[in-house]
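Counting from 1, the numbers follow the sequence of the chain as shown.
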Amino acid sequence: MANTETPADGPAPGERLEQLERAMAVLETFGHERPALTLSEVAQLTGIARASARRILLTLKALGYVRASGRTFSLTPKVLNLGWNYFASLGTDEIARELMADLVREIDESCSMATLDLPDIVYVARVHTRRVMTIGGGIGTRLPAHATASGRVLLAALDDTELDAYLAAGPLVAHTPGTVVDTGRFREELAEVRERGWALVDQELEIGLVAVAVPVTGRAGRTTAALSVSSNSARTTAEDLRERCLPPLRKTAEAVSTALAQGDTRGTLV
């Protein structure tokens, strides 16, 4: 009986998908040195015909992996989803949840890990206390980035072009009277988050909900996720949450970052 499985050293003749290879080449063209590219630049850098490059970029844009601003294209945070799938396949997410569970037992507050998929954050891991939090939901739950501590951490890690595009996409929505919606003030908030390395949100998403968050980094030191601790303001003030929970939260984030970096042998989350 013939073996129809793909050989370990590569696909059989005729099995390679040229369009997929070209699409991956387009995605890999973007990076720290080239965060935004024109169609002509993408075509030149990849060696792909301009018409084909245009179709690929428009397809990636429709899928949410690329955004267009004027004549330039840039990646969206949705590309991180590809990395998180690899992260989960390694079992590193289980290590992260174990570390988060240890933190929850230590501080008796809920802990979450989220990544960015603008305009939202998306939870990739959550460990709750026995108390019932108003903001519930499990992995895959989406919340507006601007009104959450994790969102502030992740937004603060964006480059200027990405942040400008995010803020230009629409007004910041007020979820409570305390939500920061002024663009100038919001930029100042993100600058402070970027400088100090953590974010604190006091009842900006929901009355009674306070949270503090710190970045989780990959092997190259880039922020790939945010780790947060949340509580109810009726029993824990924002200042108490910061003083009591920020130090152990940072320690846990460092451990998660180390686990993530060690699992990142293929450079997926760098």
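Residues Leu167 and Val181 share a hydrophobic cluster, clusters being chains of Ile/Leu/Val/Met/Phe/Trp/Tyr side chains in contact below 4.5 Å. A continuous path of ILVMFWY side-chain contacts below 4.5 Å connects Met24 to Val26, so both sit in one hydrophobic cluster. Linking Ile, Leu, Val, Met, Phe, Trp and Tyr whenever their side-chain heavy atoms come within less than 4.5 Å puts Val127 and Leu241 in one cluster. Transitive grouping of hydrophobic side chains (ILVMFWY, heavy atoms separated by less than 4.5 Å) brings Leu75 and Leu37 into a common cluster. Linking Ile, Leu, Val, Met, Phe, Trp and Tyr whenever their side-chain heavy atoms come within less than 4.5 Å puts Leu63 and Ile48 in one cluster.
Using modelled atom types, no side-chain atom of Thr236 and backbone atom of Ser233 make a donor-acceptor pair closer than 3.5 Å. The closest donor-acceptor contact from the side chain of Gln203 to the backbone of Leu209 lies at 3.5 Å or more, if one exists at all. Looking at Ser230, its side chain never comes within 3.5 Å of a backbone N or O of Val210 through a donor-acceptor pair. A side-chain donor-acceptor contact under 3.5 Å links Thr176 to the backbone of Gly178. For the pair Thr29 (side chain) and Ala25 (backbone), a donor-acceptor distance under 3.5 Å is present. Using modelled atom types, one side-chain atom of Thr224 and one backbone atom of Val216 make a donor-acceptor pair closer than 3.5 Å.
In plain terms, the two heavy atoms of Met113 and Ala96 that are nearest each other are CE-CB, 3.9 Å. Nearest heavy-atom pair, Pro35 versus Asp159, reported as atom, atom and distance to 0.1 Å: CB-OD2, 3.6 Å. Residues Ala114 and Leu154 approach most closely at O-CD1, 3.8 Å, considering heavy atoms. In terms of heavy-atom proximity, Val214 sits nearest to Ala253 at CG2-CB, 3.5 Å. For the pair Ala149 and Ala211, the tightest heavy-atom approach, listed with the atom from each and the gap, is CB-O, 3.7 Å. Ala145 and Leu116 make their closest contact through CB-CD1, 3.9 Å (heavy atoms, listed as atom of the first residue, atom of the second, distance).
The CG atom of Asn232 sits 8.5 Å away from the CD atom of Glu206 when rounded to the nearest 0.5 Å. Interatomic distance, CZ of Arg55 versus CZ of Arg50, reported as 12.5 Å (0.5 Å rounding). Distance OG1/Thr38 to CG/Leu57: 9.5 Å, rounded to 0.5 Å. For the atom pair OG (Ser112) and CZ (Arg126), the distance works out to 3.5 Å, reported to the nearest 0.5 Å. Distance check, rounded to the nearest 0.5 Å: OG1 of Thr129 to CG of Asp108 gives 6.0 Å. Atom CZ of Arg97 and atom CG of Leu103 lie 15.5 Å apart (nearest 0.5 Å).
Counting heavy atoms from C-beta outward, Leu143 and Asp120 have side chains that stay 4.5 Å or more apart. Put simply, the side chain of Leu155 reaches to within 4.5 Å of the side chain of Leu118, judged on heavy atoms. Side chains of Thr252 and Asp102 form no contact here, defined as non-hydrogen atoms less than 4.5 Å apart. With a 4.5 Å cut-off on side-chain heavy atoms, Thr179 and Val173 do not count as touching. Residues Arg22 and Gln19 meet the side-chain proximity criterion, which asks for heavy atoms closer than 4.5 Å. A heavy-atom distance below 4.5 Å is found between the side chains of Glu162 and Arg67. For the pair Leu227/Cys111, a side-chain contact is recorded, criterion being any heavy-atom separation below 4.5 Å from C-beta on. Contact check for Ser228 versus Ser150: side-chain heavy atoms found under the 4.5 Å cut-off.
A 6.0 Å sphere centred on CD of Glu243 holds more than 12 heavy atoms belonging to other residues, nucleotides or ligands. Surrounding CZ of Arg54 are at most 12 heavy atoms belonging to other residues, nucleotides or ligands under 6.0 Å away.
For the residue pair Arg222 and Thr217, no side-chain donor N or O sits within less than 3.5 Å of a side-chain acceptor on the partner. There is no side-chain donor-acceptor pair under 3.5 Å between Thr183 and Arg187.
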Start with the C-alpha distance between Trp198 and Arg242, add both sets of side-chain angles, then the distance that settles side-chain contact (heavy atoms from CB on, under 4.5 Å), and finish with yes or no.
CA-CA 10 Å; Trp198 53 271; Arg242 182 187 68 80; 3.2 Å; yes
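Relative ring orientation between Phe186 and Tyr166 is described as tilted, the plane-to-plane angle lying within the 30° to 60° band.
Only one option out of His175, Arg152, His146 pairs with Glu204 in a side-chain hydrogen bond (donor to acceptor under 3.5 Å, both in side chains); it is Arg152.
Residue Val153 is found in a hydrophobic cluster whose other members, listed by chain and number, are Val193; membership requires side-chain heavy atoms under 4.5 Å apart, directly or through intermediates.
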Return a table of donor-acceptor pairs under 3.5 angstrom between the side chains of residues 244-251 and protein atoms on other chains or two or more places apart.
residue: Arg244; atom: NE; partner: Asp240; partner atom: OD2; Å: 3.4
residue: Arg244; atom: NH1; partner: Ile107; partner atom: O; Å: 3.0
residue: Arg244; atom: NH2; partner: Glu109; partner atom: OE2; Å: 2.7
residue: Arg250; atom: NH2; partner: Arg196; partner atom: O; Å: 2.9

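A cation-pi arrangement is absent between Arg34 and Phe30 under the rule of less than 6.0 angstrom and at most 45 degrees off the ring axis.
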